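Comments concern the structure below.
For clarity, every value in this text was computed on a predicted model and none was experimentally measured.
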Amino acid sequence: MTTQQTPQKRRITVIPPNPQLTERDIHKKHLRVAPYCRVSTDSEEQLNSYNAQIAYYTEKIAATPEWTMVRLYADEGITGTSMKRRKEFLKMLRDCDRGKIDLIITKSVSRFGRNTLDGLDTVRKLKRKGIGVFFEKENTNTLYMDNEMILTFMMSQAQAESESLSGSVKWGHRKNFKDGKVYYHYASFLGYRKGPDGLPEIDPDEAAIVRRIFARYLLGQSVHQICRDLMSDGVKTAQGSDSWHDSVVRKMLQNEKYIGDALLQKTFMADLFTHEQRKNMGELPQYYVHECHPAIIDRDTFQRVQEELARRSSLRKTSSKTKTELGKYCGKYVLSELLVCGECGSPYRRVVWSRPEGKRIVWRCINRLEHGKKICKKSPTWNEADIHAAVTAAMNELFHAQTAREALEARRSRRRGWRVVPAGAGGADPQPHRASAGAVPVGRQRRPRLSGL
């Protein structure tokens, strides 16, 4: 016969939690607090709000004995849809990683961020480190939230507000584009300044730089050469920098605003959160506004520059050693791209020969240089000094013949009682005009002779 034993009552001792850790009233805990403030624009109203946030949190933390202020983090004029440009926000997160902060206080969810994905991800990372974010307007501490649904809803609402505002701003800009309203960014617009009436007016000093760039490009200089000359002459960019980049000069050469026109909606924002700017390749309509401000460059010059840009960009390779089929423009020397081989049609290249008697500069066919006599067998080698002398002599002969022709015409006109207006005066060819009483007949004008290139 077996006897049943009565189970003994287990003895359990309750270990109470640490009151400091279970206390949910953040005002009764010793915490290292970091307030975060943000405004999205530089308007006067928003700046007032920005300054008010800073003053409020400074006084609030000073009035709470249990709190110690780490420092105040504030982003001014920065959107909340992305964290990339929010330098103070990113610095605050780095200080959290270093263990310097126990609690982040901010005005509302929208001040913390307007991107639901980034906001939730940041809150989760901070929560794993034991750092809470307290939103005053919503009276929510993320460290004690058992359900993220409410926080997700609040952040989604803040994101929806930003998307709605962005849509309204886009609609306004596109309506202005359709109406022909042009936006001028004078800080980066070389050649113009804002006039007393609010419209652009030509800045004479900067306009001279613009005309110089266009003229040098048509004379055969490369974009890199133009930049180098501008920097050597101490010319500053529109933003006051001493460094000129090829992309800046190239954009200036393609900018239709210098002929008084404006092409609107060249680019558009592809994504609200990444702020990616894309070139408008036909996704959205564009609007071309004619003669909306004074022109610095005449239309004929601008058109010739566009043709030269297209010609240089479409050059084919001249050397068999290049990896691509595209060629590269070179305007380093006067004779570049002017000499072509009469046998194979390949361009000539400048070469420096080292001889015992000294260096000799010559021009040779590229095929002859790279393949020897295999492709081009009878291509001659030209001395650079001889070519310069021949070109100089031909130009002097041309000028002499033109001067002699004008002198002969003037002599014939004087016999008939006419005077001759030289070519170039008034933009026309020499035309005889009846001399008025007391008028002095125009005689022969000597032209300067060229001594070298």
Has [X] got more than 12 heavy atoms of other residues, nucleotides or ligands less than 6.0 Å from its [atom1]?
X: Lys107; atom1: NZ; result: no
X: Lys170; atom1: NZ; result: yes
X: Lys266; atom1: NZ; result: yes
X: Glu283; atom1: CD; result: yes
X: Tyr186; atom1: OH; result: yes
X: Leu199; atom1: CG; result: yes

Between [X] (side chain) and [Y] (backbone), is there a donor-acceptor pair under 3.5 Å?
X: Glu256; Y: Leu263; answer: yes
X: Trp244; Y: Ile226; answer: no
X: Asp233; Y: Val235; answer: no
X: Asn176; Y: Gly172; answer: yes
X: Arg38; Y: Ser110; answer: yes
X: Ser164; Y: Ala160; answer: no
X: Gln306; Y: Leu253; answer: yes

Check: [X] ring centre within less than 6.0 Å of [Y] ring centre:
X: Phe302; Y: Tyr258; value: no
X: Phe112; Y: Phe135; value: yes
X: Tyr183; Y: His185; value: no

Looking at [Y] and [X], is there a salt bridge between them, counting it only when a charged N and a carboxylate O are closer than 4.0 Å?
X: Arg111; Y: Glu136; value: no
X: Asp95; Y: Arg98; value: yes
X: Lys91; Y: Glu88; value: no
X: Arg86; Y: Asp118; value: no

Write down the atom of [X], the atom of [Y], and the distance for their closest heavy-atom approach.
X: Tyr57; Y: Cys37; value: CD1-SG, 3.8 Å
X: Val70; Y: Arg32; value: CG2-CB, 3.7 Å
X: Val133; Y: Leu103; value: N-CD1, 4.4 Å
X: Gln286; Y: Gln265; value: NE2-O, 3.2 Å
X: Asp229; Y: Gln221; value: OD2-NE2, 3.1 Å
X: Asp261; Y: Cys292; value: C-SG, 4.0 Å

Using 30° and 60° as the class boundaries, would you call the ring planes of Phe189 and His293 parallel, tilted or perpendicular? perpendicular
Trace of the side chain to side chain contact (heavy atoms under 4.5 Å, CB included) decision for Asn139 with Phe134: CA-CA 7 Å; Asn139 193 26; Phe134 182 69; 3.5 Å; yes
Would you say the side chains of Tyr287 and Asp179 form a donor-acceptor pair under 3.5 Å? no
A side-chain contact here means heavy atoms from C-beta on lying under 4.5 Å apart; do Lys127 and Thr142 qualify?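 Of all side-chain heavy-atom pairs linking Thr142 with Lys127, none is under 4.5 Å.
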Which is it for Arg304 and Glu307 under the salt bridge (Lys or Arg N to Asp or Glu O under 4.0 Å) test, yes or no, and what are the steps along the way? CA-CA 5 Å; Arg304 287 191 289 127; Glu307 294 173 357; over 6 Å; no
